[in-house]
Amino acid sequence: MVTLVGMTWLLIAALSSTAVWVGLLLFWHGFWRARPRLPAEASAPHTAWPDIVAVIPARDEAPTIAAVVAAHGASVYPGHFAVIVVDDGSRDGTAALAAGAARPEGPEVMVVPAPVLRAGWSGKMAAVAAGIAAVEATNRPPFSSARYLLLTDADIVHAPDTLTRLVSLAERQDLAMVSLMARLETGRGLGRLLVPAYVFFFQKLYPFQAVASPSSRIAGAAGGCMLVSRAALQAAGGIAAIRGALIDDCALAGLLKCAGGRLWLGLAGDEVVSSRDTGRPAVIWQTVVRTAYVQLRRSPLMLAGCVVGMAFLYLSGPVAAVTGAVSGAWPLLASGTAAWILQAVAFAPTLAALRVPRTVAPLLPLAGLLYTLMTLDSAWRDWAGRGAPWKGRTYGDDGAGTAAR
């Protein structure tokens, strides 16, 4: 039975949560609107279309790499375009599949090996650096003359006109980076809640409008699709400057923005689609566990603040509403319901963007609870010395990868 004192504190929490949700909806850069989107129309640059090279790090990507390379081969980009796949010690034939998927009439596809992983480097950053080194070592167009690098993943499928639209936007607005958050497959069941919630939380943490604003210190990107100015990257210190990063996309965005580069980040529709089975709860759990505690700078204090904050923001409203309904405490019911409705309203546009029924919106508190548990699991693994597992490697405190036992 909830005591009078407990109900009073719950009422205060619900009222406070309502106020915070009002503030987020009105003042936090419109993050919840699930915008912007890549412009549908691509205008030609003032000069010729610039040369582009895509760099794709790949480690044991046999299920997806052929389709990904074939999709790049179907690009209708008006300029010169080439693809470098960096095979990062794959044992499943990834390199051969990538080379075999190249189209004679499409862009050149070069497959290069990643070097032995050095201390202080994450596996993905070492592979990306190897791809960029191959660009610089190849003394012929489009490699030698590439103005942009398309940093993308081995499970991300691009539509034929995506590159043209990315370049058009970058040229028109003089951007150091254009990034699209790939459309993730939600699958069925719990994935239809967890995947949109993942996108929603990302937008709240890195509001796209703030990312694009030169006056804001917030910098973010989505690693599945990043068109990066080669000159801006070199001026900022290159990939070596973020060599140990596990949250490499946002680290790269921060690097470029600190150097004065302008960013653009948006949500993809069908332009950029993940081919990974992201709708399975186990896949989502593994993805979050890999970086959640890193995002909190491995700080127990920040972890405690995160847990309290998530409980306050996402759970206090529903708990107050249910408690008020059961006990007949109408102020508690009203305040809790208001907080619950506001977060559902905020969640609805993201659900629509991922083609999930808006009826899922009231379940956002459940997603908040599950993501809090994932964050606690991430911290527990770190404290237990198990590191952050990914692609057969575990990562320690310095971000350096070692082979998994």
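Since the model is a prediction, treat every value here as computed from it, not as a measurement.
Closest non-hydrogen pair, L180 versus V272, comes out as CD1-CG2, 3.8 Å. Among all heavy-atom pairs drawn from K257 and A219, the shortest one is CD-CB, 3.9 Å. Shortest non-hydrogen contact noted between V85 and V69 is CG2-CG2, 4.1 Å. The minimum heavy-atom distance linking A130 with V86 is given by the pair CB-CG1, 4.1 Å.
One distance of note links CG of L342 with OG of S17; it measures 8.5 Å at 0.5 Å rounding. A distance of 13.0 Å separates CE of M110 from CD1 of I56, quoted to the nearest 0.5 Å. Rounding to the nearest 0.5 Å gives a distance of 6.5 Å between CE of M310 and OG1 of T375. A distance of 7.0 Å separates CE in M181 from CD in Q203, rounded to the nearest 0.5 Å. In this structure, CD1 in I284 is found 9.0 Å from OG1 in T186, a value given to the nearest 0.5 Å. Expressed to the nearest 0.5 Å, how far CG of L296 lies from CG of L301 amounts to 10.5 Å.
Sorted by first then second residue, the ring pair (Phe, Tyr, Trp, His ring centres under 6.0 Å) pairs that include residues 274-304, not counting sequence neighbours, are Y293-W383. Evaluation of the ring pair (Phe, Tyr, Trp, His ring centres under 6.0 Å) test over residues 147-195, restricted to residues two or more places apart or in two chains, returns H72-H158.
The side-chain heavy atoms of S122 and D248, taken from C-beta on, include no pair separated by under 4.5 Å. In this structure, Y206 and C250 have side chains that are in contact, with non-hydrogen atoms separated by less than 4.5 Å. Using a 4.5 Å heavy-atom cutoff, the side chains of P196 and F201 are not in contact. A heavy-atom distance below 4.5 Å is not found between the side chains of T94 and V111. Contact of the L163 side chain with the L150 side chain is registered, since non-hydrogen atoms from C-beta on lie closer than 4.5 Å. For the pair S90/I65, no side-chain contact is recorded, criterion being any heavy-atom separation below 4.5 Å from C-beta on.
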Practice task
Start with the C-alpha distance between R355 and E185, add both sets of side-chain angles, then the distance that settles salt bridge (charged side-chain N to carboxylate O under 4.0 Å, His left out), and finish with yes or no.
Solution key: CA-CA 10 Å; R355 303 166 190 172; E185 295 301 326; over 6 Å; no
Exercise for the section: Walk me through it: do R183 and D270 pass the test salt bridge (charged side-chain N to carboxylate O under 4.0 Å, His left out)? Expected result: CA-CA 7 Å; R183 182 166 64 81; D270 292 326; 2.8 Å; yes
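The existence of a salt bridge linking E108 and R140 is confirmed by a sub-4.0 Å separation between a basic side-chain nitrogen and an acidic carboxylate oxygen. Salt-bridge check for D153 with K124: passed, with a basic side-chain N closer than 4.0 Å to an acidic carboxylate O. Ionic pairing of R298 and D382 is present here: one or more N-O contacts between side-chain nitrogen and carboxylate oxygen are shorter than 4.0 angstrom.
Checked against the 6.0 Å centroid criterion, the rings of F202 and Y198 do not qualify as a close aromatic pair. Residues F200 and W32 place their aromatic rings such that the two centres sit no closer than 6.0 Å.
Remark: the S145 side chain and the D51 side chain contain an N/O donor-acceptor pair separated by less than 3.5 Å.
The environment of E41 atom CD is sparse: at most 12 non-hydrogen atoms of other residues, nucleotides or ligands sit within 6.0 angstrom.
Only one option out of W340, F347, Y371, W21 pairs with Y314 in a ring pair (Phe, Tyr, Trp, His ring centres under 6.0 Å); it is W21.
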